[in-house]
Participant: 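Take a look at this one; I'll ask things after.
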Amino acid sequence: MEAFLDTFFNIDIMLQALPLLLKGAVVTLKLCAVVIVLGLCGGLMLALGALSPRRWLRWSSIVYIDLFRAVPPLVLLVFVYSGLPFAGIRLSPFVAVVIAFFLNNSAYFAEVFRAGITSVPKGQSEAARATGLSPVQCMGYIVLPQAVRNVLPDLLSNTVEVVKLTSLASVVSLSELLYSANMARSVTYNSSPLVMAAILYLAVLWPLVRVISRYQRGLAVN
Amino acid sequence: MRFFETFFNLSVIEKYLPDLIAAMGVTLYLAVATILTGVLCGAALACLRAAGNRYVNFIIIMFADMMRALPPLVLILILFFGMPSLGINLSGEMVIYLVLSCVLMAFAEEIFWGGLTSVTAGQWEAGRATGLSKAQTLFYIAFPQAFRMGIPPLVNRVLATTKLTALGSVIGVKEILSVSSSAQSFSGSATPLTMAALAYMIIFIPAVIASHQIERRFRYTR
């Protein structure tokens with residue numbers, strides 16, 4: 001028990017590492033903000049593309065979505081960060097992470113938006129078009145608000161996945177939360193900083209996970 | 001032309017193909033072990049939760065919340081670097097298998113539990129009224145329906161979790177990404193990374209396409 005506490009919950013080391021970890025947490029938050037916003041926008045565009053009546057647009061969107069859902073995000077990240085320099089494109093870790101995660105997230109968000117849009121009955125858009133709204137107005141004012149409401153739990157759980165995903169940025173030595181914690185671990189020869197990082201992730205993500213569970217239960221009862 | 005030499009260099013492909021095929025074996029083996037353990041134990045946990053013991057359920061819910069809220073890479077690093085201090089040496093493969101199984105178990109438990117709660121009370125009452133025991137009602141009436149309802153989200157979660165085997169590269173498991181990364185630094189060519197991406201596509205694109213079909217098939221079942 002003593003050894004366990006000393007290895008994983010060494011308070012002294014945790015307090016020592018805390019300032020470094022908080023600095024890392026700020027980078028993680030910045031990364032999350034950029035990646036989530038870009039992923040949502042890209043996902044929405046792709047979903048609209050995948051449901052478009054134009055065949056080339058539809059098929060290229062679907063191919064994009066399936067392709068990037070099939071490649072692990074870490075592989076994309078390593079490819080963008082250490083593969084592209086061979087083609088003369090050198091990127092900072094932050095930009096590499098944003099590009100790699102955008103490719104991955106937009107595909108996942110697209111699937112969620114697509115499910116939402118197809119869940120809105122056809123009569124809704126027909127009625128909207130009949131009242132004289134343009135196709136764009138119909139999508140923006142009638143279909144999308146209902147679509148988003150229908151898939152809100154999925155959007156939320158996808159967002160949680162994105163936040164968890166940002167921990168992979170530590171692999172390309174972007175000094176975010178997990179990277180800082182691992183740094184502190186290798187300096188102190190003690191795993192407590194990693195546990196501290198886990199606690200910080202939990203502090204943000206646990207409430208969201210609870211909300212998702214509540215949502216799913218609510219849907220089941222209705 | 002230079003593009004092809006950088007990303008599709010034939011002599012590099014020839015040299016590293018056998019290693020990469022062996023690495024695909026490791027990835028597949030880890031994936032299958034994870035899926036079997038995660039889905040079966042997840043189903044067992046959901047059934048255990050249906051038994052309704054308050055203390056047991058508290059532990060299950062805590063476990064499921066933790067595993068869903070924490071980034072898997074954090075868990076992997078804690079196990080891989082922390083356990084040796086307690087005298088428990090786990091191989092990289094073992095760490096990946098343990099962490100991914102627990103993550104999948106938590107998600108599978110939530111999915112099956114969501115299914116079980118949406119089986120209406122009347123079904124339970126009918127089962128009990130025909131003389132089935134509570135356990136028989138669970139196994140013959142409720143769980144088969146919960147399983148069927150859970151298949152589409154479960155398939156997505158299984159794909160997401162098995163793609164995480166790429167995290168093995170961080171702790172030296174000889175799976176696709178780590179073999180191709182080291183091949184990339186040996187050969188000084190980006191080609192092995194292209195091969196890694198293609199290897200994942202060969203494994204996962206059929207799985208993604210199959211998941212669309214499964215989703216379509218099980219969509220309107222209640």
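Below, each value reflects all heavy atoms present in this structure, side chains not excepted, and no hydrogens, waters or symmetry copies. Note on naming: letters A, B, ... go to the chains in the order of the sequence lines (proteins, then strands), and numbering restarts at 1 for each one.
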Participant: Name the option with the most non-hydrogen atom pairs under 4.5 Å to chain B; the candidates are A:V171, A:V204, A:V160, A:N182.
Facilitator: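 Most pairs with chain B among the choices: A:N182.
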Participant: Measure B:T191 against the heavy atoms of chain A and call it side chain, backbone, both or neither at under 4.5 Å.
Facilitator: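 Contact with chain A involves no heavy atom of B:T191 at all.
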Participant: Once rounded to the nearest 0.5 Å, what's the spacing between atom CZ of B:R157 and atom OG of A:S157?
Facilitator: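 One gets 7.0 Å once the value is rounded to the nearest 0.5 Å.
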Participant: Which answer fits A:S167, side chain, backbone, both or neither, if we ask what part of it has an atom under 4.5 Å from a heavy atom of chain B?
Facilitator: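 Contact with chain B involves both backbone and side-chain atoms of A:S167.
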Participant: Only heavy atoms, only distances under 4.5 angstrom. Which residues in residues 175-185 of chain B are near chain A?
Facilitator: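 Listed by number: B:L177, B:S181, B:Q184.
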Participant: Is it the backbone or the side chain of B:T165 that comes under 4.5 Å from a heavy atom of chain A, or both, or neither?
Facilitator: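 When you check distances to chain A, no heavy atom of B:T165 falls under 4.5 Å.
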Participant: What are the two closest non-hydrogen atoms of B:L70 and A:A198, and how far apart are they?
Facilitator: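 Looking at all heavy atoms of both residues, the closest pair is CD2-O, 3.4 Å.
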Participant: Where on A:N190 is there a heavy atom nearer than 4.5 Å to chain B: the side chain, the backbone, both, or neither?
Facilitator: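 Neither; nothing under 4.5 Å.
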Participant: Picking from B:I205, B:L77, B:L198, B:T194, which has the most non-hydrogen pairs under 4.5 angstrom with chain A?
Facilitator: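 Among B:I205, B:L77, B:L198, B:T194, the one with the most close pairs to chain A is B:L77.
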Participant: Counting C-beta onward and ignoring hydrogens, is there a side-chain heavy-atom pair between B:I78 and A:R185 closer than 4.5 Å?
Facilitator: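 They are not in contact (no side-chain heavy atoms under 4.5 Å apart), so the answer is no.
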Participant: When rounded to the nearest 0.5 angstrom, what distance separates CD1 in B:I76 from CG in A:L194?
Facilitator: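 B:I76 atom CD1 to A:L194 atom CG measures 12.0 Å (nearest 0.5 Å).
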Participant: Examine whether an atom of A:L168 lies under 4.5 Å from a heavy atom of chain B, and if so say whether it belongs to the side chain, the backbone or both; otherwise answer neither.
Facilitator: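 For A:L168, backbone and side chain are both near chain B.
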Participant: Once rounded to the nearest 0.5 Å, what's the spacing between atom OG of A:S186 and atom CZ of B:F81?
Facilitator: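 Answer for the OG-CZ pair, A:S186 versus B:F81, is 8.5 Å.
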Participant: When rounded to the nearest 0.5 angstrom, what is the spacing between CE in B:M66 and OH in A:Y201?
Facilitator: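 Interatomic distance, B:M66 CE to A:Y201 OH, rounded to 0.5 Å: 16.0 Å.
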Participant: Where do B:G82 and A:T7 come nearest, in terms of heavy atoms and distance?
Facilitator: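 Smallest interatomic distance, heavy atoms only, reads O-CG2, 3.6 Å.
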Participant: Considering non-hydrogen atoms only, spot the tightest contact between A:L202 and B:A69 and give its length.
Facilitator: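 Looks like CD2-CB, 3.7 Å.
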Participant: side-chain contact (heavy atoms from CB on, under 4.5 Å), that's the test. Do B:H212 and A:D66 meet it? Break it down for me.
Facilitator: CA-CA 10 Å; B:H212 288 319; A:D66 281 0; 2.9 Å; yes
Participant: What is the distance from atom CG of B:L164 to atom CG of A:L165, rounded to the nearest 0.5 Å?
Facilitator: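 CG of A:L165 is found 8.5 Å from CG of B:L164.
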Participant: For atom CE of A:M183, is the number of surrounding heavy atoms from other residues, nucleotides or ligands below 6.0 Å larger than 12?
Facilitator: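 No.
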Participant: Which bit of B:V170 is near chain A, if near means a heavy-atom gap under 4.5 Å: side chain, backbone, both or neither?
Facilitator: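 For B:V170, the contact with chain A is made by the side chain alone.
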Participant: Can you say whether B:I209 sits under 4.5 Å from chain A via the side chain, the backbone, both, or neither, judging by heavy atoms?
Facilitator: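 Just its side chain gets close to chain A.
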Participant: With chain A as the partner, which of B:A64, B:P153, B:S189, B:G115 has the greatest number of non-hydrogen pairs under 4.5 Å?
Facilitator: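 Of the options given, most contacts go to B:S189.
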Participant: So does B:F147 have more than 12 non-hydrogen atoms from other groups sitting under 6.0 Å from CZ?
Facilitator: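 Count not over threshold, so no.
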Participant: For residues 25-38 of chain A, give me every residue with a non-hydrogen atom less than 4.5 Å from any non-hydrogen atom of chain B.
Facilitator: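 Counting heavy atoms that sit under 4.5 Å from chain B, no residue of residues 25-38 of chain A is involved.
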Participant: Answer with side chain, backbone, both or neither: which region of B:F107 has an atom nearer than 4.5 Å to a non-hydrogen atom of chain A?
Facilitator: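 Side chain only.
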Participant: With chain A as the partner, which of B:A160, B:S211, B:G188, B:A207 has the greatest number of non-hydrogen pairs under 4.5 Å?
Facilitator: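 When all of B:A160, B:S211, B:G188, B:A207 are compared, B:G188 has the most.
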Participant: Which bit of A:Y189 comes within less than 4.5 Å of chain B, counting heavy atoms only: side chain, backbone, both or neither?
Facilitator: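 Contact with chain B is absent: no heavy atom of A:Y189 under 4.5 Å.
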Participant: Can you name the closest pair of heavy atoms from B:P72 and A:K164 and give their distance?
Facilitator: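 Where B:P72 meets A:K164 most closely, the heavy atoms are CD-CE, 4.1 Å.
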Participant: In sequence, state the C-alpha distance, the side-chain angles, and the governing distance for B:I61 and A:R210, and then conclude on side-chain contact (heavy atoms from CB on, under 4.5 Å).
Facilitator: CA-CA 10 Å; B:I61 293 169; A:R210 281 280 88 218; 3.5 Å; yes
Participant: Could you work out, with salt bridge (Lys or Arg N to Asp or Glu O under 4.0 Å) as the rule, every residue matching A:R114, not counting sequence neighbours?
Facilitator: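 By the salt bridge (Lys or Arg N to Asp or Glu O under 4.0 Å) rule, A:R114 matches A:E111.
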Participant: With a strict 4.5 Å heavy-atom criterion, list every residue of residues 67-96 of chain A that contacts chain B, or say none.
Facilitator: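 When heavy atoms of chain B are the reference, residues 67-96 of chain A contributes A:L67, A:R69, A:A70, A:V71, A:P72, A:L74, A:V75, A:V78, A:F79, A:S82, A:G83, A:L84, A:F86, A:A87 within the under-4.5 Å range.
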